[in-house]
Each structure stands twice: as C-alpha cells, then as structure tokens.
Amino acid sequence: MADDKKLNPVEVIKADSKLLRGSISEDLSSDSDQFAKPNTQLLKFHGTYQQDDRDARGKQEEGKSSKQFSMMTRTRIPGGRLTAEQLLAHLDLCDEIGNSTLKCTTRQALQLHAIPKQDLRQTIRRINEVHLSTLAACGDVNRNVMCCPAPIHDEVHRELVRLTDALKDHLAPKSGAYYELWLKDEETGEKELVGGAEEEPIYGPTYLPRKFKIAVARPDDNCVDIYTNDLGFLAVVRDQQVIGYNVLVGGGLGTTPSAKKTFPALAKRMAFVTPENACRVAEAVVKVQRDHGNRDDRKTARMKYLIADKGLDWFRGKVEEYYGEALAPCTEDDVHGFDDHLGWAEQGDGRWFYGWNIENGRLYDDQDRRWKSALREICSELKPGFCLTPHQSILVTNLSEADKPKLEAIILKHGLPLSEQISTVRRWSMACVALPTCGLAVTESERVLPSLMDQLEPELAKLGLDSEAFTVRMTGCPNGCARPYNADVGLVGKTKGKYTLFLGGQLLGTRLGTVYKDLVAFEDITATLVPVFHAFKQYREPQETFGDFCHRVGNEQLSLWADDIASTV
Ligand code: SRM
Ligand code: SF4
C-alpha cells in the first residue's frame, strides 16, 4: 500500500483498538442501548452487529431515539456441524433473549437477532458454554469455513472435515480480547474459558483489509459454491483418497452499483497443493492479501480486486514468496455436480440422514408452522446430530431405519412440509435476511420470496416445467448475501420494491448471470419471467437446463422471444 494514500477510517479504528478491545468494555458497563460507533466496527470481529428494527423506525415514543438498537450475533459453525445440545442452546437463546426466531445462514452458521445490549455478554457466554464461538464469524478476518455438510463416512469426507477444522484453527484471531470481554468471570476476574494471546502472528495489528471467506469442496458436489469464496480448496480425489487440492482464489460477489470499479467475481484456479501443505498455502494467501490488499477504499478491498488489478501470475508469485517454494499447477479436476442433500440418504455406516428444507433458513413457531417445536421434539425423541447446509437448510443426521417414520411424523405433526412435498422451484430458492434487521437492505427479500414462489409454482406447472431444477436467489441489495449472481435466476434489490433480474448463471455455480432487466417491480417479476419460461420450453435443446439455455441464447434474443410470447399469452 502506498504511503501517500489515505487510510479508510476502519483501518484507523483497528490500529487503535489494542487488538480488538477498543472501548467495548466501557460501553458494556454503560446504560446506553448502543455501542459507540468505532466499537461497532470492532464488535464484528467478536461476531456481533449492532442493528435497529427498521420496521420500528419513526414509531418511537416522543423523546426517545428514532432507532431501537439491538444486536445480531452470528455463531461460527465450521462445515455446519452441530450437536443437538448446541442447536437447543440457540433455540433457548432466541426464545429467552432474542426475537424468538433463529436464522440458518447461507454459510452454514446460525444468527440470533434482536439481542438487547445488556444481554450480549450472557448470550456469547452461553454460546461458548456449548463449545461454539462467535469469534471471527464476522469482521476483517477469515470467517466460517464452509464444507459439504453431508455426513458421509468415507475417507474423502473425513479429509475435508479435517482440513475445514484445521483452517478454522490456523486462521482464527489469537487476541485475548474475546476472552476478556465475554468469557472472564466478572466477580473474580478469572478467565473461565481461557485462551488468547497478546499478538496476532498471522494477521498483525490491523488484521485484513476486508472480510475473507474459505470453502472446501469435493468435485462431485459443489454445494458450498466454492467459486464465490476468496479462497477455495477443491479436493483432487484418486482411488477414493484426497491426494491434494486445487486452490482457487479471488471469488466474491458484493458490488456497489454507484462504484463502477466493483464487480462480482468467480475464483480463479491458482495451484495444486498436498493436504499437509494446505494450511501453509492458506496462510500465505492471507498474508499476501494482508500486505497488498487495498486499505484505503473498503469498496475495493476484497482479494478479488487485488487479483484483478495485479493479475493471477503476480498473485501466484507473491503466494510462492510467502510460502517459500514454487507451487504446482492445478490438475484438470473441477466441480461437476451439485447436491442440496434434501430428503433421505445413507451415511455409509448403516445410518441415515434427512435433508430438511427450511424455507429461507428461518426457524420460528406460529399458529400454522412450528419449526422450533419440531426441532425440540426431534432432539428429545431421536437424539440426532445436525448439519447446516449452505442453502440455509438442516440435515438431521445419525438416524436408524426405525427413526425414519418417527422423524417424518414429527415434521408433519408440526404443520411443516417434508422436503419431498416442496416444489422444485421453492426447494432451489433462497433469500437473504434483508428487512427488517439488515441495515444495508434497500428492499425486501426473505419476507417476500415465499409469495413469489406461490406465483411461480402454478405457472411452471402449467408449462410442464415443474420438475426443472434451477436456482432462484433473491437479495435485498447488491451485496449478494444469498449468492444471486451465479444463480440461474438472480433477483437483486436495486431500490425500494424493485430488483435487477439476472439470468444465465447456473446451478453448478461456475458461471455468472447477466442483467436481463433492471428495476423490475416485485409485482412484475412473475409476468417478466413467465414468457422466458415459455421461450425455454419452446426453444431449448434436449436436456438443456434453464440457466444454460438463457446463457446460450443471450438476453437480447430472450427479450425478443419474451416480447413476442407476452403479446400472445
Ligand atoms: Fe452478507 C453484509 C447477512 C452471506 C456479502 N451480510 C451483511 C450484513 C452483516 C449487513 C451489514 O453489514 O450490516 C447482513 C446482516 C443481515 C441480518 O440482519 O442478519 C448480512 N450475509 C448475511 C447472511 C446472514 C445472509 C443469509 O440470509 O443467510 C449470510 C451470513 C453468512 C455467514 O454465516 O457468515 C451472508 N454475505 C453473504 C454472502 C454469501 C457467501 O459468503 O457465501 C455474501 C457474498 C459473497 C461475498 O462475500 O462476496 C455476502 N454481506 C456481503 C457484503 C458484500 C461484501 C463485499 O465484498 O462487497 C456485505 C456488506 C459489506 O461487507 O460491507 C454483507
Ligand atoms: Fe442485507 Fe444486502 Fe446482505 Fe441482503 S444482500 S442481507 S440486504 S446486506
């Protein structure tokens, strides 16, 4: 970074923070319902975002702040692996302290919303008591490492889980701040769950220029969307053994429409590495981004911009420098399958898991649907394990043959659909949180996608396309939290009630879509898509998927056909 460049304010906050401490401790003992601005940046490294209920804005009693502040906490769950005790602890927390909902995220983590500031410490302590952590779930560090959640008992999965955990440990921040602030016994001053150091050997005092994301995948199943990560380890398998990984670098989806220099990017294939050297290569990649990433403009600080700016050859050369030796080129292996893991599947040890579709990852109880009650009963009756999927759903694992009808009965008893009863279009859809908690949302997402599905289902059925698998992903702003840019159909909130419609990505996750129509009002999305589905039915090639069709013919031709069809249907 050139010296004459002005550091962005977050860099100054990090530098002055004494390794993530700032004045969070002082804020915790004040009566205010909010943290000081600089501390809200540091809190992210501790897994917490300060938010306000956007539905409640402007509705406050006279004399009170116009915003009702509360905290969102994100629990980091590598590969989404979770015990029943850990899931129950989160259900208890959302009921006792949060807004009585729990959110399964697009990166296999759990989020609690609406935690009052005075309950934050207790919340984080209770998460740690069940041996999970919020540390580095957010912030300018490596975050939750994604890995295929299917609990298959084979050598390949065992190795993928090993690497996922090793990366999580290796790249975790080492500062003692987390332990001091959240886990130390207030009375005695003793650290209960001891940990932490007084330096950051990998990150240094200012951590990374921006968030950093890693995924580990097997080639036959890209359920983690590996190409959208800053760093991906794609297993190279020979004779059912992982002999190494193709290392992918520089994926990332967030864009800022007003900043023309921003763009979504799929990762590039950089090098091959053996399993025992994977962590060292990850460390080298992180250090290159640490030292060369852009620290003056956060909009272009992700590693994808460094690679676009300097080129892959320069980047590989730098990684080799930090790693200390030359890297081998990638093998030809690439992703060639995608499984959302819904429904029943064998684990390979005589037991079963069930992939349960959680619509947009939101767990709640209302009069009709009781997700939380169902999960509590599943825990007490069947004592299973759980895995969170990168599609915001849950795998209930380690079940016997005799458990299968019991699980289905519990799901149905609580008014919930079995995965097999859900339409294909809904099954492959997902939405980010957006309103009312996300401070960056410009429009709705999670709260409106189900009604779009209600509209699309009969239209697709009329056309005989109801068993076509294609992804529909919606976000409330261009940051791309539900990964809309590589979906077959991407709906990206552009302004209140209006979306940019992207077509031509693909379920496999290896292609970005392009803008088909901009500023489509929510009410017009179905009417905009139906003629395209007609065109697909009429002009597709045998076996061609929806995304491949849109990509092949291009938006211009699609538009012509769609206009023609719209005037006749
Ligand atoms: Fe995200 C910021 C929610 C996955 C790109 N994301 C946010 C914040 C924290 C808003 C904020 O900064 O104030 C959102 C909190 C909303 C709320 O009320 O809960 C938020 N992101 C989410 C989650 C919960 C969406 C979901 O419905 O599941 C996902 C949590 C993942 C996790 O467990 O760690 C989530 N976010 C993603 C993904 C998808 C992925 O990583 O696979 C992306 C696109 C990939 C990428 O990183 O490029 C993503 N989120 C962003 C960005 C844009 C980053 C950029 O490079 O420009 C932001 C804004 C930012 O960082 O400034 C953002
Ligand atoms: Fe919020 Fe935008 Fe992410 Fe949706 S995509 S959760 S609106 S930041």
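In this chain, residues are counted from 1 in sequence order. Indexing begins at 1, ligand by ligand and atom by atom, following the structure's order.
By the 4.0 Å N-to-carboxylate-O rule, Arg473 lies close enough to Asp225 to be salt-bridged with it. A salt bridge does not link Glu11 to Arg210: none of the charged side-chain nitrogens sits closer than 4.0 Å to a carboxylate oxygen. With salt bridges taken as basic N to acidic carboxylate O contacts below 4.0 Å, none links Lys299 and Asp297. Between Lys304 and Asp230 there is no salt bridge, since no side-chain N of the basic residue sits under 4.0 Å from a carboxylate O of the acidic one. Between Glu129 and Arg126, none of the side-chain N atoms (NZ, or NE/NH1/NH2) sits under 4.0 Å from a carboxylate O, so this pair counts as no salt bridge.
Of the candidates Arg107, Arg76, Arg483, Lys213, it is Lys213 that places a heavy atom closest to atom 49 (C) of ligand 1. Nearest-residue assignment for atom 57 (O) of ligand 1 (options Gly254, Ala482, Ala301; heavy-atom criterion): Gly254. Distances from atom 2 (Fe) of ligand 2 to the heavy atoms of Gly254, Ala431, Ala482, Cys477 show the closest one on Cys477. Counting only non-hydrogen atoms, the option in Gln111, Arg210, Arg74, Glu446 that gets closest to atom 62 (O) of ligand 1 is Arg210.
Checked by atom type, the side-chain pair Arg107/Asn229 shows a donor-acceptor distance below 3.5 Å. In the model, His90 has a side-chain atom that pairs as donor or acceptor with a side-chain atom of Thr75 under 3.5 Å. Judged by distance alone, the side chains of Gln506 and Thr510 do bring a donor and an acceptor atom under 3.5 Å apart.
For ligand 1, the atoms lying closer than 4.0 Å to a non-hydrogen atom of Ala109 are 33 (O). Within ligand 1, the atoms closer than 4.0 Å to a non-hydrogen atom of Gln392 are 26 (C), 27 (O), 28 (O), numbered from 1 in the order shown. Each of the following atoms of ligand 2 lies closer than 4.0 Å to a heavy atom of Gly480: 5 (S). Proximity to Gly476 (heavy-atom distance under 4.0 Å) selects the following atoms of ligand 2: 4 (Fe), 7 (S). With ligand atoms numbered from 1 in the order given, ligand 1 contributes 48 (O) to contacts under 4.0 Å with heavy atoms of Gly252. Ligand 1 places these atoms under 4.0 Å from at least one heavy atom of Ala431: 27 (O). Per-residue contacts place Ala441 under 4.0 angstrom from the following atoms of ligand 2 (heavy atoms of the residue considered): 7 (S). Listed by atom number, the atoms of ligand 1 under 4.0 Å from Cys432 heavy atoms are 27 (O).
To the nearest 0.5 Å, atom CG of residue Leu234 and atom CZ of residue Arg269 are 7.0 Å apart. Atoms CG and CD, from Asp140 and Gln289 in turn, are 9.5 Å apart once rounded to the nearest 0.5 Å. Note that CD of Glu283 and CG of Leu171 are 7.5 Å apart. Values are rounded to the nearest 0.5 Å. Taken from CG in Asn39 to OG in Ser17, the straight-line distance is 9.5 Å, to the nearest 0.5 Å.
Counting only heavy atoms of the protein, atom 15 (C) of ligand 1 lies nearest to Met72 CE, 3.8 Å. Closest protein heavy atom to atom 4 (Fe) of ligand 2: Cys432 SG, 2.3 Å. Protein heavy atom at the shortest distance from atom 33 (O) of ligand 1 is Thr105 OG1, 2.6 Å. Shortest contact from atom 52 (C) of ligand 1 to any protein heavy atom: Lys211 NZ, 3.2 Å. With respect to atom 29 (C) of ligand 1, the closest heavy atom belonging to the protein is Thr106 OG1, 3.4 Å. The closest protein non-hydrogen atom to atom 1 (Fe) of ligand 1 is Cys481 SG, 2.3 Å. Taking atom 18 (O) of ligand 1 as the reference point, the nearest protein heavy-atom neighbour is Thr437 OG1, 2.6 Å. The closest protein non-hydrogen atom to atom 14 (C) of ligand 1 is Cys438 SG, 4.0 Å. Nearest protein heavy-atom contact of atom 5 (C) of ligand 1 is Asn479 O, 3.3 Å.
The shortest N or O to N or O distance between Tyr49 and ligand 1 is not under 3.5 Å. Some N or O of Gln51 is nearer than 3.5 Å to an N or O of ligand 1, by distance alone. Between Leu253 and ligand 1, an N or O atom pair is found at a separation short of 3.5 Å.
A heavy-atom separation below 4.0 Å is not found between Lys304 and ligand 1. Residue Lys103 places a heavy atom less than 4.0 Å from ligand 1. Ligand 1 lies less than 4.0 angstrom from a heavy atom belonging to Gly480. A heavy-atom separation below 4.0 Å is not found between Asn144 and ligand 1.
At least one N, O or S atom of Cys438, from either the backbone or the side chain, sits less than 2.8 Å from atom 1 (Fe) of ligand 2. The distance from atom 3 (Fe) of ligand 2 to the nearest N/O/S atom of Cys481 is under 2.8 Å.
Considering Gln111, Gln392, Glu446 as possible partners of Arg362, the one that fulfils the side-chain hydrogen bond (donor to acceptor under 3.5 Å, both in side chains) test is Glu446. Across Tyr203, Tyr207, Phe212, a single residue satisfies ring pair (Phe, Tyr, Trp, His ring centres under 6.0 Å) together with Phe45, and that is Tyr207.
Under the 6.0 Å cut-off for aromatic ring centres, His391 and Phe338 qualify, their centroids lying closer than that. The six-membered or imidazole ring of His341 lies away from that of Trp356, with a centre-to-centre distance of 6.0 Å or more.
Ring geometry for His46 against Trp182 counts as perpendicular: the plane angle is over 60°, on a 0 to 90° scale with 30° as the lower cut.
Figure legend: cation-pi geometry between Lys117 and Phe35, with NZ or CZ positioned under 6.0 Å from the six-membered ring centre and within 45° of its axis.
Contact annotation for Lys299 and ligand 1: no heavy atom of the residue comes within less than 4.0 Å of the ligand. Using a 4.0 Å cut-off between heavy atoms, His113 contacts ligand 1 through its side chain alone, with no backbone atom that close.
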